[in-house]
Peer 1: 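One structure coming up, written as C-alpha cells, with questions to follow.
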Amino acid sequence: QVQLVESGGGLVQPGGSLRLSCAASGATHKFYDMAWYRQVPGKERELVARVTIDGQVIYADSVKGRFTVSRANGENMVDLQMNSLKPEDTAVYYCNAQGGRRGFWGQGTQVTVSS
C-alpha cells in the first residue's frame, strides 16, 4: 500500500524559512504528479505547488516567488522550500501524489508562522 510521510513543519518567525519533505513508499511506479496543499480550519484545501512527472511546475499566486517545489528524478518524493514566510502561511501542509488510478494524501505537517 502507498503511504506518504511529510516532515519539516514547525514554528517559525515571519520572514523565516522552512523546508518540507515528503516521501512516498509502496508505489509500483512513478507518480504522475506530486504536490503540496495546505488547509486552515474553515477553509478549503488549496494547492500550493505542483510538479508533474515531466518537470512542469505550478504555484499558487500567494506563494509564487517565495516557495520552491522540487522533485527528485526517479523517486516518489517532493520537497517544498518556503522562504519569506508570512503569518497567513500558517496551515497544515499536505503532500499529495497522483497515480494512474487514484491520488494519495499524507497526514499533514503543521506550519506556524508567528512572532
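The first residue of the sequence shown is numbered 1, and numbering continues consecutively from there. Just so it is clear, the model here is predicted, and its values are computed rather than measured.
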Peer 1: Drop me the distance from Thr90's OG1 to Leu11's CG, to the nearest 0.5 angstrom.
Peer 2: 8.5 Å

Peer 1: Can you tell me how far apart CZ (Arg38) and OG1 (Thr109) are? Round to the nearest 0.5 Å.
Peer 2: 14.0 Å

Peer 1: Between Ala91 and Gln110, which heavy-atom pair has the shortest distance, and what is it?
Peer 2: O-NE2, 3.4 Å

Peer 1: Look up atom CE in Met77 and atom SG in Cys95, then write down how far apart they are to the nearest 0.5 Å.
Peer 2: 10.0 Å

Peer 1: Assess the side chains of Asp33 and Thr52: does a donor N or O sit below 3.5 Å from an acceptor N or O?
Peer 2: no

Peer 1: Within the supplied structure, the quantity of interest is the number of heavy atoms (other residues, nucleotides, ligands) at a distance under 6.0 Å from Glu88 CD; does it exceed 12?
Peer 2: yes

Peer 1: Would you call Arg66 and Lys86 a side-chain contact if the rule is heavy atoms closer than 4.5 Å?
Peer 2: yes

Peer 1: Could you list the residues that satisfy salt bridge (charged side-chain N to carboxylate O under 4.0 Å, His left out) with Arg71, not counting sequence neighbours?
Peer 2: none

Peer 1: Which distance, rounded to the nearest 0.5 Å, do you find between the SG of Cys22 and the CG of Asn96?
Peer 2: 8.5 Å

Peer 1: Would you confirm whether Glu6, through its side chain, and Gln107, through its main-chain N or O, come within 3.5 Å as a donor-acceptor pair?
Peer 2: yes

Peer 1: Which heavy-atom pair separates Pro14 from Ser115 by the least distance, and what is that distance?
Peer 2: CD-N, 3.7 Å

Peer 1: Hey, does Leu47 have a side-chain heavy atom less than 4.5 Å from the side chain of Ile58?
Peer 2: yes

Peer 1: What do you reckon, is CG of Asp61 surrounded by more than 12 foreign heavy atoms closer than 6.0 Å?
Peer 2: no

Peer 1: Nearest 0.5 angstrom please: Tyr94 OH to Arg45 CZ, how far?
Peer 2: 4.5 Å

Peer 1: Give me the other members of the hydrophobic cluster that Tyr59 sits in, counting Ile, Leu, Val, Met, Phe, Trp and Tyr linked by side-chain heavy atoms under 4.5 Å, directly or via other members.
Peer 2: Val2, Leu4, Val12, Leu18, Leu20, Phe31, Met34, Trp36, Val48, Val51, Val57, Val63, Phe67, Val69, Val78, Leu80, Met82, Leu85, Tyr93, Phe104, Val111, Val113

Peer 1: Over all heavy atoms of both residues, which pair between Ser70 and Arg19 is shortest? Give the atoms and the distance, please.
Peer 2: OG-NH2, 3.7 Å

Peer 1: Please check this pair: side chain of Gln81 against backbone of Thr68, looking for a donor-acceptor N/O pair closer than 3.5 Å.
Peer 2: no

